[in-house]
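In what follows, chains are A, B, ... by sequence order, proteins preceding strands, each numbered from 1. Since we're looking at a predicted model, the values are computed, not measured. Only heavy atoms go into these numbers, but all of them, side chains included; no hydrogens, no water, no symmetry mates.
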Amino acid sequence: MTSVAVGDETAMRRIGVTVNGTLQAGEVSVRLTLADFLRQDLKLTGTHLGCEHGVCGACTILLDGRAVRACLLLAVQVDGHSVTTVEGLAPSATVLHPLQEAFCAHHGLQCGFCTPGMLTTLVEFLKDCPDPSAEEVRVAISGNICRCTGYDSIVEATLSAAANMRDGS
Amino acid sequence: MKPAAFEYHMPRTVEEAVAILARVAPLDGRVLAGGQTLVPAMALRLARPSHLVDINRVAGFDRLDVRDGMLEIGPCVRHAALDRSAAPGPLGRLLGLVQPHIAHHPIRTRGTFCGSLANADAASEWCLTAVALDARIEARSGRGTRSIPADAFLLGYMTTSLEPDELLVRARLPLLPDDARVGFYEYARRAGDFAQVMALVTYAVRGGVVAAPRIALGGLESRPRRMAGAEAAIVGRVPDALAFRSAADAAADALGPTEDPDYARTLATTAVLRALAAAA
């Protein structure tokens with residue numbers, strides 16, 4: 001890690017965390033956020049940082065399968081846990097997740113900044129609620145801010161993905 | 001690095017957590033539970049605790065049990081766990097009505113019920129729930145454990161009667177009788193935002209009239225509280241629009257000084273009316 005400030009060395013901890021199915025071990029400063037650990041240490045820059053205080057939703061990841069803000073967790077707190085980032089959603093390098101497919105097909109992303117948080121939030125949501133109404137999708141993404149204001153197409157994409165996933169395609 | 005430097009502690013037992021807190025509390029040490037308020041404050045460096053006592057790995061702190069007529073909520077029970085299935089009968093229904101109003105789902109998967117009480121935000125849904133139902137809050141330190149009634153625990157804006165070296169180790173919410181009706185109403189400017197006003201009501205109808213009413217209001221004053229005048233205005237009356245109106249007016253009459261009294265009055269009466277109507 002290159003970003004260690006002077007005096008921080010006493011506050012380092014070894015952690016082991018499963019990220020997208022692979023065990024990642026490392027030594028981190030206790031004040032490193034999970035978001036910075038993913039982006040800076042693991043170079044997984046798909047997790048975006050917008051506000052860095054829990055409001056914008058761009059850094060949402062799945063912790064043990066549940067959507068959480070990576071900017072509001074310390075890396076040291078996820079020792080022994082399992083993290084899924086946007087890089088871990090697609091089943092392979094050539095096949096996208098149905099939700100990613102639908103975002104492409106329905107113009108669900110414009111600048112793409114909010115997309116990783118939208119996707120991770122919605123992956124968990126569709127597991128709990130496989131046949132949502134448009135209103136339920138809007139509530140589910142109410143904590144994810146799209147600065148392009150492309151909500152209509154995000155909702156459309158989500159409903160289409162939900163239908164495809166119910167059909168098993 | 002977003003937060004300022006701190007020393008990090010990760011106790012595994014309640015005894016260890018209390019001992020560490022006793023040592024670091026005088027040095028501005030703070031307890032970290034869900035972190036959905038403390039960590040943003042640290043990211044903005046509005047909070048710069050010298051020590052963090054992370055209680056997330058303390059054995060048993062995630063327990064949620066029903067025992068002796070009370071729902072017992074451990075300090076690491078997340079908001080998301082407190083849905084309809086968390087408690088039998090009307091209390092479960094009430095929790096299911098209130099919980100979706102707390103921020104957004106990815107906040108509710110981490111933030112905790114007990115953390116909300118300790119934070120004592122005037123617009124906290126769980127603080128309102130705790131005072132409305134006369135929750136008991138257990139605080140543990142080297143001096144022992146004491147049980148504090150919610151109304152004596154919440155003192156005002158972000159202020160509780162918890163001593164710096166006391167750890168909130170459990171909150172207990174009484175189950176509601178089977179015939180209790182429950183209603184909750186919240187107005188916020190945006191989905192998931194802090195409440196401008198919220199009202200929580202519960203009452204039974206026995207022999208055709210209102211019995212055992214509880215009417216609590218939050219978001220308008222420095223802390224949520226039960227509105228005794230509103231409860232007195234409705235008890236023993238047929239639960240109709242006229243009775244609801246009397247209770248709503250009585251709640252508004254009892255409001256302390258607010259920034260915009262006319263608006264506060266409108267918010268209070270509307271919230272109480274809608275919560276009562278939802279419970280009917």
Side-chain angles (χ1 to χ4, degrees), chain A residues 1 3-13 28-36 40 49 51-57 59-81 117 120-122 124-125 128-129 135 138-145, chain B residues 1-12 30 32-58 62 76 78-81 83 85 99-112 115 188-194:
Chain A
M1 208 163 59
S3 54
V4 174
V6 174
D8 249 10
E9 291 75 6
T10 53
M12 303 293 285
R13 296 283 173 99
V28 297
S29 164
V30 295
R31 62 185 175 120
L32 186 74
T33 65
L34 173 59
D36 282 340
Q40 295 172 10
L49 278 170
C51 72
E52 294 187 75
H53 61 275
V55 175
C56 78
C59 72
T60 307
I61 54 107
L62 298 174
L63 176 66
D64 301 324
R66 308 212 66 185
V68 298
R69 305 283 201 239
C71 74
L72 298 187
L73 277 164
L74 302 169
V76 66
Q77 292 189 284
V78 301
D79 180 34
H81 290 272
T120 46
T121 300
L122 288 166
E124 188 205 6
F125 170 69
D128 295 341
C129 187
E135 183 56 31
R138 286 183 187 277
V139 171
I141 59 167
S142 63
N144 295 76
I145 296 172
Chain B
M1 301 285 174
K2 292 295 286 184
F6 53 82
E7 270 188 56
Y8 178 80
H9 308 272
M10 199 179 65
R12 301 282 181 163
R30 298 291 300 274
L32 174 64
Q36 303 299 288
T37 303
L38 179 57
V39 176
M42 288 170 64
L44 299 167
R45 301 207 176 187
L46 296 170
R48 304 171 70 121
S50 58
H51 293 259
L52 271 193
V53 185
D54 182 349
I55 58 170
N56 282 282
R57 292 182 199 251
V58 173
D62 57 352
C76 292
R78 317 288 168 186
H79 304 309
D83 59 11
S85 67
Q99 187 244 68
H101 290 271
I102 302 168
H104 307 283
H105 174 74
I107 302 294
R108 296 195 291 269
T109 57
R110 285 300 295 178
T112 65
R189 290 201 175 110
R190 290 166 293 266
D193 210 337
F194 290 102

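Heavy-atom distances place both the backbone and the side chain of A:Asp79 under 4.5 Å from chain B. The contact between A:Arg13 and chain B is made entirely by side chain atoms (from C-beta outward), counting heavy-atom distances below 4.5 Å. At a 4.5 Å heavy-atom cutoff, A:Cys51 makes no contact with chain B through either its backbone or its side chain. Residue A:Glu124 touches chain B through its side chain alone, counting heavy-atom pairs closer than 4.5 Å. Heavy atoms closer than 4.5 Å to chain B are found nowhere in A:Val139, neither backbone nor side chain. Only the side chain of A:Leu74 comes within contact range of chain B, with at least one heavy atom under 4.5 Å from a heavy atom of that chain. With a 4.5 Å cut-off on non-hydrogen atoms, B:Arg57 touches chain A through its side chain but not through its backbone.
Highest contact tally toward chain B, considering only A:Asn144, A:Thr120, A:Leu73, is held by A:Leu73 [criterion: heavy-atom pairs under 4.5 Å]. Taking B:Pro106, B:Ala191, B:Ala80, B:Ala41 one by one and counting their heavy-atom pairs under 4.5 Å with chain A, the maximum is reached by B:Pro106.
Between the side chains of B:His79 and B:Gln36, no donor N or O sits under 3.5 Å from an acceptor N or O.
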Counting only pairs under 3.5 Å, give me each side-chain donor-acceptor contact of residues 2-12 of chain B, with atom names and distances, residues two or more places apart or in other chains.
from	atom 1	to	atom 2	distance (Å)
B:Tyr8	OH	B:Asp54	OD2	2.5
B:His9	NE2	B:His51	ND1	2.8

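In B:Arg45, the CZ atom is crowded: over 12 heavy atoms of neighbouring residues, nucleotides or ligands sit closer than 6.0 Å. Summarising the local packing, CZ of B:Arg78 is surrounded by more than 12 heavy atoms from other residues, nucleotides or ligands at distances under 6.0 Å.
Counting heavy atoms from C-beta on, the side chains of A:Cys71 and A:Leu49 come closer than 4.5 Å. Side-chain atoms of B:Leu32 and B:Val39, non-hydrogen and from C-beta on, do get closer than 4.5 Å to each other.
Judged as a side chain to side chain donor-acceptor pair (under 3.5 Å), and not counting sequence neighbours, the contacts of A:Ser142 are B:His104.
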